[in-house]
Amino acid sequence: MTELIQPQNTIAVLQKYHFQFQKKYGQNFLIDPLVLDKILKAAEIGPEDPVLEIGPGIGTMTQALSDAAQRVVAVEIDRHLIPILQETLSNRDNVVILQEDILKTDIRALSGQYFNGKPFKVLANLPYYITTPILMKLLESDVPITGITVMVQKEVAERMCSKPGTKDYGALSLAVQYASDPKIVSFVPPNCFIPRPNAHSAVAHLRVYDTPPVAVRDVELLFHVIRASFAQRRKTLQNGISHAPALSLTKEQAAECIEKCGFSPTVRGETLSLSDFAKLSDQIQEVLG
Ligand code: SAM
């Protein structure tokens, strides 16, 4: 079976298996060949590349990945899709299908077992209900991921790429930009999927850094500081960081750190760059001892 990306072929497979879409799994299957091409081009997969695909659905993108990559491991939560994937990916000996929840998958063990610890790429038309936890898991997991190419809700793609002082800038922007250089590859309208999602989508490519663009003494503390700064939007940075239980800073200590960094006492987290946050985090570490 080939060319699942053609809508009539996707529909034929779904009917053959009497497949019922599960809303709780964010199932919107891609049916646009031009969009699939854009995803594959952005991901720059070569014949030596191992690939992790999250949520293969009926295997539309998996087929193309199997043609381009060295090996594909596809993690799908919905057990009703497994027999379909076994058919659409039969005769492909470089594809492994795992029925698992990606949020519970030990990605380090998976990459050791299937990729021998080699650097790999991640591709996914992500289930929108858990986009952020999946991205955070990938970015925080200590595994050699070189690139992440994902279909996400348009607003999420914009948040990942936004700069300080803009309305979309927040903890997700900083987490993504600490680990990678994100770019929006293409905007994708709802009619490129079956069934059509309510939201518009976008393909984003994250080139994952070998070394983060800023040096910081304690990465965990940096992310506590970032989360605290955005926990209460429209409040000053001083209020944000002095109210965060994870930091246990007094108001006076928070003010001292902000002053030592050379920021205005009324500065808001929304205006600080990643390197400003790194500076603040190091300062807080010094104060906390
Ligand atoms: N890749 C397919 C495509 O482009 O047509 C399907 C994309 S659909 C937006 C998301 C897929 O992720 C579905 O197949 C869904 O069952 C699967 N999924 C949802 N939650 C998941 C989870 N926690 N772990 C693994 N797969 C999941």
Side-chain angles (χ1 to χ4, degrees), residues 1-14 17 19-40 42-43 45 51-69 72-89 92 95-107 110 114 121-138 141 148-154 156-157 185-186 188-204:
M1 169 78 61
T2 51
E3 294 295 297
L4 283 173
I5 193 73
Q6 299 301 335
Q8 66 274 22
N9 294 346
T10 288
I11 290 166
V13 168
L14 297 175
Y17 284 87
F19 181 74
Q20 306 278 336
F21 285 101
Q22 302 258 15
K23 219 172 172 180
K24 65 174 179 184
Y25 290 147
Q27 292 175 335
N28 302 99
F29 297 161
L30 186 64
I31 48 159
D32 188 304
L34 296 177
V35 175
L36 178 60
D37 270 359
K38 283 184 189 165
I39 296 174
L40 295 171
I45 294 156
V51 170
L52 167 63
E53 186 190 2
I54 300 167
I58 61 168
T60 308
M61 192 150 79
T62 327
Q63 290 183 337
L65 292 174
S66 157
D67 291 338
V72 185
V73 173
V75 177
E76 173 56 61
I77 197 170
D78 185 355
R79 68 183 168 82
H80 297 105
L81 287 167
I82 305 302
I84 303 184
L85 288 164
Q86 279 160 352
E87 180 187 328
T88 59
L89 301 167
R92 290 176 181 271
V95 178
V96 175
I97 304 159
L98 302 176
Q99 196 229 317
E100 273 179 40
D101 175 350
I102 192 67
L103 291 179
K104 295 190 181 142
T105 301
D106 180 339
I107 297 185
L110 180 151
Y114 296 103
K121 294 180 174 167
V122 179
L123 274 91
N125 172 11
L126 285 176
Y128 294 169
Y129 75 110
I130 44 166
T131 298
T132 304
I134 293 177
L135 286 172
M136 295 310 290
K137 177 168 180 165
L138 293 171
S141 64
I148 302 175
T149 311
V150 279
M151 177 87 72
V152 294
Q153 217 168 304
K154 176 174 168 275
V156 175
V185 173
S186 180
V188 183
N191 62 3
C192 295
F193 305 90
I194 293 180
R196 292 179 185 201
N198 294 327
H200 279 251
S201 305
V203 177

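Source: prediction; values computed, not measured. Just so you know, ligand 1 is whichever comes first in the structure, and atom 1 is the first atom listed for that ligand.
The two residues V185 and A42 have their closest heavy-atom pair at CG2-CB, 3.7 Å.
No more than 12 heavy atoms of other residues, nucleotides or ligands sit less than 6.0 Å from atom CD of Q20.
Put simply, the side chain of Q27 gets close to the backbone of Q22: a donor and an acceptor are under 3.5 Å apart. Using modelled atom types, no side-chain atom of E53 and backbone atom of L123 make a donor-acceptor pair closer than 3.5 Å.
Protein residues with any heavy atom under 4.0 Å from ligand 1: Y25, G26, Q27, N28, F29, L30, E53, G55, P56, G57, V75, E76, I77, D78, L81, E100, D101, I102, N125, L126, P127, Y129, I130.
For Y17, the ring-ring contact (aromatic ring centres under 6.0 Å, His included) test picks out no residue, with sequence neighbours left out.
Using a 4.5 Å cut-off on side-chain heavy atoms (C-beta onward), E76 and L85 make contact.
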